[in-house]
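For reference, the structure discussed in these notes is given below.
On a predicted model such as this, the values are computed, not experimentally measured, just so you know.
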Amino acid sequence: MDQPDTFQHRIWQIVAAIPYGRVATYGDVALLAGSPRAARQVGGVLSRLPADTTLPWHRVVNRHGTLSLQGERLLCQRDALASEGIEISDDGQLDLASWRWQF
DNA sequence: TGAATGACAAATT
DNA sequence: TAATTTGCCATTC
C-alpha cells in the first residue's frame, strides 16, 4: 500500500483544500506539494484516483484554464464544474483570472 | 534495478 | 504569432 507521506498523498491533501467554486492549476498544486516542476505528477496522481474518491479533482485545470482530459472524463469534469457555478466557454476554457484559487 | 510513462509547463524554432 | 520540442519528477511496468 502507499506510504502515508508520499507525494501522492500530499497531492490529495492539497486538492482537497481547494475551496468550493474555485479552481487551481496543476502547477499550483505541485508548488504547494513542494515540487514546482512536478505538475505532471499531479495529473499522474489524479489519473490513478479511485472512482469512489471524494477528492474534488475536477477543480484542477492546466495553466491555460482548459481541461487536459479527454472523452468521458472531460465531460464529467465540465459537468462537475458547472454544478459548482463555474462557467466554462464553449471551447472548454474557463477564466482563470476569475476562478483561480488564490492562496 | 532500470527503463518507460504521463490529466503539465516552459523554451525554442 | 502559432506550433513543436524538450525538460521535470514521481510513479509504474
Side-chain angles (χ1 to χ4, degrees):
Chain A
M1 287 301 261
D2 302 322
Q3 305 298 331
D5 235 12
T6 60
F7 239 80
Q8 185 176 47
H9 195 272
R10 194 171 308 179
I11 296 301
W12 291 341
Q13 183 65 53
I14 295 167
V15 175
I18 301 175
Y20 180 94
R22 291 289 154 161
V23 297
T25 65
Y26 293 98
D28 289 343
V29 176
L31 179 64
L32 294 173
S35 293
R37 308 299 175 189
R40 283 185 119 186
Q41 276 50 257
V42 177
V45 169
L46 298 180
S47 67
R48 288 183 58 69
L49 282 174
D52 60 351
T53 183
T54 56
L55 203 70
W57 57 269
H58 50 263
R59 295 178 192 156
V60 183
V61 300
N62 60 23
R63 84 170 198 77
H64 294 292
T66 56
L67 308 182
S68 302
L69 290 86
Q70 294 180 356
E72 191 175 352
R73 304 281 181 197
L74 173 58
L75 298 178
C76 185
Q77 184 172 16
R78 287 183 65 178
D79 184 61
L81 292 172
S83 296
E84 297 193 354
I86 300 173
E87 298 179 16
I88 305 177
S89 302
D90 295 338
D91 293 336
Q93 183 173 19
L94 61 84
D95 189 355
L96 268 182
S98 299
W99 302 109
R100 191 175 188 183
W101 176 35
Q102 288 130 207
F103 52 89

Looking across every strand, which nucleic acid part, if any, lies under 4.0 Å from [X] by heavy atom: base, sugar-phosphate, or nothing?
| X | value |
| --- | --- |
| A:Y26 | base |
| A:S35 | sugar-phosphate |
| A:R48 | sugar-phosphate |
| A:R63 | sugar-phosphate |

[X] [atom1] to [N] [atom2]: how many Å, rounded?
| X | N | atom1 | atom2 | result |
| --- | --- | --- | --- | --- |
| A:R37 | B:dA10 | CZ | P | 7 Å |
| A:F7 | B:dT5 | CZ | P | 23 Å |
| A:R40 | B:dA9 | CZ | P | 11 Å |
| A:L46 | C:dA10 | CG | P | 16 Å |
| A:Q8 | B:dA7 | CD | C1' | 14 Å |
| A:H64 | C:dA3 | NE2 | P | 12 Å |
| A:L31 | C:dC8 | CG | C1' | 14 Å |
| A:H9 | C:dT11 | NE2 | C1' | 16 Å |

A side-chain contact here means heavy atoms from C-beta on lying under 4.5 Å apart; do A:R59 and A:W101 qualify?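 No, too far: nothing below the 4.5 Å cut-off.
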Beyond-backbone contact of A:T6 with A:R10, side-chain heavy atoms, under 4.5 angstrom: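 Side chain of A:T6 against side chain of A:R10, heavy atoms only: no contact under 4.5 Å found.
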Counting heavy atoms not belonging to A:Q13, are there more than 12 under 6.0 Å from its CD?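 12 or below, so no.
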Side chain of A:A38 only, please: which of B:dA7, C:dC9, B:dA9 is the nearest?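 Within the option list, the nearest is C:dC9.
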Can any side-chain N or O of A:R100 pair as donor or acceptor with the backbone N or O of A:A24 at less than 3.5 Å?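 Pair absent, no side-chain N/O of A:R100 close to backbone of A:A24.
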